[in-house]
Amino acid sequence: MRNARLGLGFVIVVAICGLLGIAARAALAAPLRTSATAKGLFVGAAVNMTPFRNEPIYTETLRREFNLLVGENAFKFDAVHPARTTFNFTDSDALVAFAQANGMAIRGHTLVWHNQLPSWLTGGTFTRDEVIAIMRDHIMTVVGRYRGKILAWDVVNEALEDGSGQPRTSSFWFQRIGPEYIAMAFQFAHEADPDALLYYNDFEAEGAGAKSDGVFSLVSGLVNQGVPIDGVGWQTHKVNPFRITTANQANAQRLAALGLEVSITEMDIRIALPSDAQELQQQALGYGDAVTFCLTEPNCAAVVTWGFTDKFSWIPGVFSGFGDGLIFDMSYQAKPAYTAMQTILEAGLGNAPPVPTGVQATAGSGQVALTWSASAGATSYNVKRATTSGGPYTTVASPATTAFTNTGLTNGTTYFFVVSAVNASGESANSTQVSATPQAASFTLSASPASLTVNLGACGTTTIGIARTGGFTASVAFTAQGAPPGVTATFNPSSTTGASTVLTVCASASAVAGGATLTVSGAGGSLTRTTPVALTVSTTTTGNGGVTITPVVAASGPWFNEEQVQVASTANLTALSVTVTIQRTAGVSFAGQFNTVGGQIAQSNSSTAAAITYQFALAAGQTLAPSNQRTFAAQASGSGTVHPTAGDTFAVTYTTGGQSFTQTGHF
Ligand code: G3I
């Protein structure tokens, strides 16, 4: 195997001269090509001729960052060979001249492909021998013109079917020549430039699967036949999130065993638009992986991106709604993907620790506590902070452990953090970004619902929520002020470190009807907070339609509780619904329910973390005759807590004489 990395020698001298102008900056953060060249790696980009000719910042960025270029379209068949006996090297010559002037290597893309063929060729009536002669003439002319100047040629591109990896039989070349066109193309290219590295290039060829296997089988066959092939190009057009895996390493290693090198030849990682900061961080992991992979697999020669600025990329035109696949943004600003590549290239030969994962940020008062998972081989971590999502980040600490609390922060400001792992060889790329907003240690109360109507002799409930901020953990104790005579207010629980309590308001039969405002107070730590509950004591249900409801506590013990609603009626009931709610104090659970009516009553129950609800309902169309002996029982067990507790309530709704009534109360 001839290895492209050896070819770096010829660009290094020119590169060093060309880069002297930016050597001072390199001490801070070097352009990609500086550290890549130092490590014997090609880092390249495909060139679009329109900005190449029209946007100075495009060529400035290209020459500054890359030690290799490839024509995105300039070397393709239709571009250089527009008529049978006419060649046009305007664009390809310009690229070669630019590369040589700037100490950059060149990948030639591509000689034999089924796409971008001129119509004089595809529409011509040529014999097989004539097509072979045309292919030979094309290769000899194009490769011959640049003999000694092109590092590697994509001799044959995409000769296998998507997915299956079987020969692409619809290809012009397969149809007109037969499968042997591939070996012929390599032979002609070798004849034209014996020193150029000759590649087979394809997509879906990077990892495991039928297509990769097809490529492996194809190139194995070529190697076994003695065809002059040097490498396999992995196009690597991917969708975010993309990571290099052991399948890629295994694939590279089986190609190495054939004596072949690999190059990542057309990388981009497209994102559904609009992309956000987190997706750009994910994308950075994929690009960082590609560099780490190429630094660690001895037969990997190059990482080439298909374009370099999101301003010029084939992606949006082909994948509607996708874009942002490259390492510079639309304004030529470096993206996290660029920084990831740069960081890894600057670290020692890929031995920097892996990127920290599992980063979590918890806001406190004036502080954010960060934790993350250990990275193998890390001796310390850099914790970096920004006040805008995506950076720029400032390193705020370099702890040796996997936790750090950043203090002295401003409450109400959102902070963004990333963590990298460090050892003697270098620094990993940044982790996925996390954010947190410190808040003062405090709490607020809110009542839901904030207004309550309670009938005489009945109860109602509302939940008091406790919103804790800034790491406030104190227990909050509740009281209520402003209850009118005959009205009681109780809380269950009466004090809590949790997120809520239930307020039960009961009006005695002799309470004074009217409106009042209950002021619910919570006291915790050194703080007291209040929330109002608008209370109406209603006289609405004065008559009861001859129905008497009696709550009975039939069993009240530490391990079993039974709370009954007894219904006595002096007239027919045409509708009846009994609901019993038992608070799950200390975790009591449903233990059973029964009624003394029988099959006319449908029973059901449900539980939440806070309460068990028992439901009894008279089936539609049924009538209950007058009776003094109807019991609806709710059973709970298993807590060690004696019931009833505040908040164990009932509601009975019924229809008699064509009128509906509701009676509520508590046990
Ligand atoms: O040159 C003509 C121009 O004269 C005309 O005015 C214009 C109108 O649309 O079209 C121009 O040709 C376009 C050409 O790019 C040059 O800009 C083609 O329409 C367009 O289809 C062509 O797209 C290229 C594509 O290959 C063709 O299949 C993309 O730019 C190029 O990024 C893409 O690259 C391929 C690799 O070669 C192989 N691997 C996949 C990769 C992405 O598809």
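For ligands, and for the atoms within them, numbers begin at 1 and follow the listed sequence.
- Protein non-hydrogen atoms do reach within 4.0 Å of atom 30 (O) of ligand 1.
- Taking each heavy atom of A159 and D202 in turn, the nearest pair found is N-OD2, 3.9 Å.
- Stacking of K211 on the aromatic ring of F203 is recorded, both the 6.0 Å distance cut-off and the 45° axial limit being met.
- Here the side chains of K238 and R270 are not in contact, with every heavy-atom distance at 4.5 Å or above.
- Atom 42 (C) of ligand 1 is flagged as protein-proximal [any protein heavy atom, distance under 4.0 Å].
- From the protein, the heavy atom lying nearest to atom 39 (N) of ligand 1 is E266 OE1, 2.6 Å.
- Taking every heavy atom of N157 and a limit of under 4.0 angstrom, the matching atoms of ligand 1 come to 38 (C).
- The minimum heavy-atom distance linking S428 with P353 is given by the pair CB-O, 3.0 Å.
- Rounding to the nearest 0.5 angstrom, the gap separating the CG atom in L95 from the CE atom in M49 is 4.5 Å.
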For residues 214-229, dump all side-chain donor-acceptor pairs below 3.5 Å to protein atoms at least two apart in sequence or in another chain.
unit_1	atom_1	unit_2	atom_2	d
S220	OG	F216	O	2.5
N224	ND2	S220	O	3.2
Q225	NE2	G221	O	3.3

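- Not close to ligand 1: M49, with no non-hydrogen atom less than 4.0 angstrom away.
- The residue T110 has no part lying near ligand 1, judged by heavy-atom distances below 4.0 Å.
- Considering Y287, W314, W306 as possible partners of D268, the one that fulfils the side-chain hydrogen bond (donor to acceptor under 3.5 Å, both in side chains) test is W314.
- There is no protein heavy atom closer than 4.0 angstrom to atom 3 (C) of ligand 1.
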Begin from the C-alpha positions of E130 and R176 and carry the test salt bridge (charged side-chain N to carboxylate O under 4.0 Å, His left out) through to its verdict. CA-CA 10 Å; E130 285 171 327; R176 298 298 187 90; over 6 Å; no
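- Ligand-side atoms of ligand 1 in range of W314: 32 (O), 42 (C), 43 (O), range being under 4.0 angstrom from any heavy atom.
- For atom 8 (C) of ligand 1, no protein heavy-atom neighbour is found at a distance under 4.0 Å.
- Atom 12 (O) of ligand 1 is never approached by the protein to below 4.0 angstrom, counting heavy atoms only.
- Close N/O approach between K76 and ligand 1 is found [any backbone or side-chain N/O within under 3.5 Å].
- Contact annotation: F203 has no heavy atom less than 4.0 Å from any atom of ligand 1.
- Protein heavy atoms come within 4.0 Å of atom 37 (O) of ligand 1.
- Here the protein heavy atom with the shortest distance to atom 34 (O) of ligand 1 is W306 NE1, 3.1 Å.
- The closest heavy-atom contact to atom 25 (C) of ligand 1, among the options E72, H109, Q116, comes from Q116.
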Evaluate D329 against K335 for salt bridge (charged side-chain N to carboxylate O under 4.0 Å, His left out), listing each step before the verdict. CA-CA 6 Å; D329 69 12; K335 294 165 61 181; over 6 Å; no
Before giving the answer on salt bridge (charged side-chain N to carboxylate O under 4.0 Å, His left out), spell out for R254 and D213 the whole-Å C-alpha distance, their side-chain angles and the decisive distance to 0.1 Å. CA-CA 11 Å; R254 69 176 172 171; D213 288 346; 3.0 Å; yes
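- The closest protein non-hydrogen atom to atom 16 (C) of ligand 1 is N73 ND2, 3.5 Å.
- Residue E158 has at least one heavy-atom neighbour below 4.0 Å for each of these atoms of ligand 1: 38 (C), 39 (N), 40 (C).
- Distance check on atom 27 (C) of ligand 1: some protein heavy atom falls below the 4.0 Å cut-off.
- The side-chain contact (heavy atoms from CB on, under 4.5 Å) check on T125 picks up nothing, with sequence neighbours excluded.
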